[in-house]
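We count residues from 1, following the sequence as given. Small disclaimer: the values here were computed from a predicted structure and weren't measured.
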Amino acid sequence: VEFVFKTLAASTGETAPTVYVQSLKVDGLQNKGDLSVTAVDPNATPIVWKYEWTNDAASTANFTDDWEDTVIFAETVEAAAKTDNTAMLLTTEAKTFATWLMLPQSIVNKKVEITYVINKRQFKSIFALETSSLKNWACNQYIKYTIVLAPNVISFNPSVEDWDTATDVGHTN
């Protein structure tokens, strides 16, 4: 699961806003489970394996990512931003803020909280991780959430792709 951020370019004759992302938080994600591996056909060459996850529903954790780059904010930035002093400066090019390797799981009713600063003012926005077409983080999927933060435009859009297995490694998964 990858969270990428960007901002929009300034309109002609306007000054581009300064936008920083400070933190990203998702509560209640499953972080323990059992992987059962069984041979579908043990006589086949190579052997075909079946993988099944069973998540431990009682075991959840809160995932938080804070950006590590130290930023000296202007004196007018709100106290919370000044005491944090870490943030990622956004540009019009999407940049990765956090990448998590997660267990397959339902994301129904799960929310992500994002803390950010636009033009010296701190904000928090909360978005649902699920959409009408995305209810689960499944095995071997690459989920990319693209978040656009700019004055008057805040968007949160996920995309799902199959995980690309590397072909240049000398081992079999």
Side-chain angles (χ1 to χ4, degrees), residues 1-8 19-70 84 86-116 124-150 153-173:
V1 178
E2 180 180 23
F3 293 90
V4 299
F5 288 85
K6 68 179 186 173
T7 191
L8 300 177
V19 183
Y20 291 96
V21 177
Q22 292 179 291
S23 69
L24 175 126
K25 177 181 174 185
V26 180
D27 290 339
L29 293 175
Q30 293 178 322
N31 67 336
K32 289 185 182 177
D34 293 314
L35 176 62
S36 174
V37 181
T38 55
V40 174
D41 182 358
N43 299 319
T45 304
I47 296 174
V48 178
W49 299 98
K50 180 179 178 182
Y51 303 94
E52 289 184 277
W53 279 102
T54 306
N55 288 345
D56 181 351
S59 179
T60 61
N62 300 333
F63 285 79
T64 301
D65 256 307
D66 292 315
W67 194 249
E68 297 174 1
D69 289 350
T70 299
D84 180 327
T86 57
M88 181 176 78
L89 177 63
L90 299 189
T91 65
T92 56
E93 211 171 293
K95 292 193 286 189
T96 300
F97 185 82
T99 304
W100 300 339
L101 180 59
M102 302 301 298
L103 292 175
Q105 61 190 280
S106 171
I107 55 170
V108 173
N109 297 323
K110 301 289 185 205
K111 303 209 182 295
V112 59
E113 179 182 292
I114 300 165
T115 305
Y116 57 98
K124 284 191 183 188
S125 289
I126 298 173
F127 301 99
L129 287 174
E130 70 175 295
T131 66
S132 59
S133 61
L134 179 64
K135 303 288 183 196
N136 299 294
W137 291 341
C139 267
N140 294 324
Q141 280 187 326
Y142 163 59
I143 311 294
K144 181 179 181 180
Y145 291 97
T146 302
I147 302 99
V148 178
L149 300 173
V153 178
I154 308 295
S155 69
F156 185 80
N157 299 308
S159 63
V160 179
E161 301 172 18
D162 287 334
W163 185 259
D164 288 334
T165 303
T167 57
D168 61 344
V169 291
H171 67 279
T172 304
N173 291 337

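Here the shortest heavy-atom pairing between Leu24 and Ala98 reads CD2-CB, 4.4 Å. A pairwise comparison of heavy atoms in Ser106 and Asn136 identifies CA-OD1, 3.2 Å as the closest pair. Shown here for Tyr116 and Ser125, the closest heavy-atom pair between the two residues is OH-OG, 2.9 Å. Of all heavy-atom pairs spanning Met102 and Val1, the tightest one is CG-CG2, 3.9 Å. Smallest separation of non-hydrogen atoms from Pro42 and Ile47: O-CG1, 3.6 Å. When all heavy atoms are compared, the tightest approach of Trp49 to Val40 is C-CG2, 4.0 Å.
When atom types are taken as modelled, the side chain of Lys6 and the backbone of Thr146 share no donor-acceptor pair closer than 3.5 angstrom. At least one donor-acceptor pair under 3.5 Å links the side chain of Asn62 to the backbone N or O of Gly28.
The environment of NZ in Lys32 is sparse: at most 12 heavy-atom neighbours from other residues, nucleotides or ligands sit within 6.0 Å.
Interatomic distance, Asp41 CG to Lys50 NZ, rounded to the nearest 0.5 Å: 13.5 Å. Atom CG in Asn31 sits 7.0 Å away from atom OG1 in Thr60 (nearest 0.5 Å). In this structure, Ile147 CD1 and Ile114 CD1 are separated by 4.5 Å, a value rounded to the nearest 0.5 Å. Separating the OG1 atom in Thr96 from the CE atom in Met88 is a distance of 8.0 Å, to the nearest 0.5 Å. The structure places CG of Leu101 at 8.0 Å from CG of Leu103, a figure rounded to the nearest 0.5 Å. A distance of 9.0 Å separates CD1 in Ile107 from CG in Leu29, rounded to the nearest 0.5 Å.
At least one side-chain heavy atom of Trp53 sits less than 4.5 Å from a side-chain heavy atom of Cys139. Looking only at side-chain heavy atoms (C-beta outward), Val19 and Phe5 stay at 4.5 Å or farther from each other.
Ionic pairing of Glu113 and Lys124 is present here: one or more N-O contacts between side-chain nitrogen and carboxylate oxygen are shorter than 4.0 angstrom.
The residue from Trp100, Tyr145, Tyr142 that alone fulfils the side-chain hydrogen bond (donor to acceptor under 3.5 Å, both in side chains) condition with Glu2 is Tyr142. Among Lys111, Lys110, Lys135, the one residue that satisfies the side-chain hydrogen bond (donor to acceptor under 3.5 Å, both in side chains) test with Glu130 is Lys135.
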Mind running side chain to side chain contact (heavy atoms under 4.5 Å, CB included) on Leu129 and Trp137 for me, showing each step along the way? CA-CA 10 Å; Leu129 287 174; Trp137 291 341; 3.8 Å; yes

From CA spacing to verdict: side chain to side chain contact (heavy atoms under 4.5 Å, CB included), Glu52, Thr54: CA-CA 7 Å; Glu52 289 184 277; Thr54 306; 5.7 Å; no

Please step through side chain to side chain contact (heavy atoms under 4.5 Å, CB included) for the pair Phe3 and Val112, ending with a clear verdict. CA-CA 10 Å; Phe3 293 90; Val112 59; 4.3 Å; yes

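A donor and an acceptor atom, one from each side chain of Asn55 and Gln105, are nowhere located under 3.5 Å apart.
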